[in-house]
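All remarks here apply to the structure that follows.
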There are 2 protein chains.
Amino acid sequence: MGTPLPRDPIADAQRNWERHGWGDVAAPMAAITAIMRTQQILLARIETVLKPFGLTFARYELLALLSFARSGALPMNKASALLQVHPTSVTNAVDRLEKAALVVRSPHPTDGRTTLIELTADGRTLAKKATAALNAEVFGKSGFGDDDVDHLIRVLGTFRRDAGDFTEE
Amino acid sequence: MGTPLPRDPIADAQRNWERHGWGDVAAPMAAITAIMRTQQILLARIETVLKPFGLTFARYELLALLSFARSGALPMNKASALLQVHPTSVTNAVDRLEKAALVVRSPHPTDGRTTLIELTADGRTLAKKATAALNAEVFGKSGFGDDDVDHLIRVLGTFRRDAGDFTEE
DNA sequence: GCAATATACTAGGACATCCAAGGGTTTGGA
DNA sequence: TCCAAACCCTTGGATGTCCTAGTATATTGC
């Protein structure tokens, strides 16, 4: 996107907030903005690694999810719930994965409304390769210290639970 | 997107990673995935608050940035750099803000290549109102504890610096 | 048993993001 | 001085996300 800025734009924003009398929410604003930007950076790294495999993160996530399912198949609505994205996003991803012969749609044996997404042999192979690449290039080089990783998992886990993502734990 | 899941899908993914022999990167994977999901939740909250103002987060960010500029105007490339998004994204946002009469494009006085984005009176008013709403509804109710906010700012700040977002500090 | 309600997926549309490419403007080195 | 390289913005295209509706299938309740 360009050259590094001389100063942290988010820290600047936080100062601006304080300067305008919003000091009480300046810090959370900065933290939230930092999360948004960090996500953007991470997503870009991930997409870069996946590009050679012809995958995007959305499609990879679906592939990875299927590869962990016992039978290598899941109903679309199940996938939507587990990936926590809108059903139409899953439809979109499946359309493209199916076109690439990485998954197949098949009717649910007992429920006529439901469509199963099944991993093909190619899909399973590609998922493995892509996972290895992501592990090596992104997750293995996250840049976060071990303590910070633990902290992030804990804090964001609480946040997600409070936001209604899940109940238990 | 729906009802809460019985279990944390990211914790499940982490267990799957460990089960498949990728224990060394399972934790960072979980932390990164949690950041992605948290961003999604926060963005949804923000967009919900901004919708009544006819704004999206991208447009709000631009408006807020302009409202902090001395003259209420910035060159497009400056805005692109500070918001850390692609120039075309700024073009897109300005197109829509201009259509809503919240900003105006004007030629740069000395550099014929550059276009200035100027806040209109309406734009400045709306920015103030939208900021008040976000402060009250999102940043003021982030759900993060003060210590966690500080930790996030610090850890993500280091991450962003290492990623090349900025140099100093 | 049948109508009303709920659920599952898809089609179409609005937005945002990025990349690649094109046209205009400046700058800088030969 | 002058042309090539650098820079700025926009257009067009690919993706992804969500929402709203519409169609088809199940389930419920009377």
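Chain identifiers are assigned alphabetically (A, B, ...) following the order of the sequence lines, protein sequences preceding nucleic acid strands; residue numbering begins at 1 within each chain.
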In this structure, how many angstroms lie between the [atom2] atom of [N] and the [atom1] atom of [X], rounded?
| X | N | atom1 | atom2 | result |
| --- | --- | --- | --- | --- |
| B:Ile41 | D:dT17 | CD1 | P | 15 Å |
| B:Gln84 | C:dC18 | CD | P | 11 Å |
| B:Arg59 | C:dT17 | CZ | C1' | 14 Å |
| B:Glu61 | C:dC15 | CD | P | 18 Å |
| A:Leu62 | D:dT17 | CG | C1' | 15 Å |

Problem - Close side-chain approach of B:Met36 and B:Gln39, heavy atoms under 4.5 Å - result: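 Not touching, per the 4.5 Å side-chain cut-off.
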Problem - Exercise: do A:Trp17 and B:Asn135 side chains pair donor with acceptor under 3.5 Å - result: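 On atom types as modelled, these side chains qualify, holding a pair under 3.5 Å.
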Problem - Gap between atom CD1 of B:Ile10 and atom CZ of A:Phe166 - 0.5 Å precision - result: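 The distance works out to 8.0 Å.
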Practice task
Could you name each residue pair satisfying salt bridge (Lys or Arg N to Asp or Glu O under 4.0 Å) that touches residues 75-103 of chain B, not counting sequence neighbours?
Solution key: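 Pairs touching residues 75-103 of chain B that pass the test: B:Asp95-B:Arg105, B:Glu98-B:Arg105.
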Practice task
May I ask you to verify if any side-chain N or O of A:Thr88 is less than 4.0 angstrom from the OP1 or OP2 atom of D:dT17?
Solution key: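 For A:Thr88, the contact criterion (side-chain N or O under 4.0 Å from OP1 or OP2 of D:dT17) is not met.
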Problem - Residues within residues 91-117 of chain A bordering DNA chain D, heavy-atom distance below 4.0 Å - result: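 Within residues 91-117 of chain A, the residues near DNA chain D are A:Asn92, A:Arg96, A:Thr110, A:Asp111, A:Gly112, A:Arg113.
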Problem - Donor-acceptor contact below 3.5 Å, side chain B:Thr158 vs main chain B:Arg154 - result: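 Between the backbone of B:Arg154 and the side chain of B:Thr158 there is a qualifying donor-acceptor contact (under 3.5 Å).
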Problem - SB check B:Arg37 A:Asp165 (cutoff 4.0 Å) - result: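 Salt bridge present between B:Arg37 and A:Asp165.
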Problem - Salt-bridge criterion met for B:Glu47 and B:Lys51 (N-O under 4.0 Å) - result: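 Salt bridge: no.
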Exercise for the section: Can you sort out which residues in residues 42-58 of chain B have a heavy atom within less than 4.0 Å of DNA chain C? Ascending by number, please. Expected result: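 B:Thr56, B:Ala58, in order of number.
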Practice task
May I ask whether A:Leu102 and A:Leu65 are part of the same hydrophobic cluster, defined by side-chain heavy atoms of I, L, V, M, F, W, Y residues being less than 4.5 angstrom apart, directly or through others?
Solution key: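 They do share one cluster, since a chain of ILVMFWY contacts under 4.5 Å joins A:Leu102 to A:Leu65.
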Exercise for the section: Decide side chain to side chain contact (heavy atoms under 4.5 Å, CB included) for A:Tyr60 and A:Phe53; before the verdict, give the C-alpha distance in whole Å, the side-chain angles of both, and the deciding distance to 0.1 Å. Expected result: CA-CA 10 Å; A:Tyr60 166 76; A:Phe53 298 99; over 6 Å; no
Problem - 5' precedence on DNA chain D between A:Ser89 and B:Lys78 (nearest-nucleotide basis) - result: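 Closer to the 5' end of DNA chain D: B:Lys78.
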Handout entry: Residue B:Gln40, side-chain heavy atoms: nucleotide from D:dT17, C:dC18, C:dC9 that is nearest
Key =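 Among D:dT17, C:dC18, C:dC9, the one nearest the side chain of B:Gln40 is D:dT17.
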Practice task
Counting heavy atoms from C-beta on, name the nucleotide in C:dT10, D:dC9, C:dA8 closest to the side chain of A:Asn77.
Solution key: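 Nucleotide nearest to A:Asn77's side chain: C:dA8.
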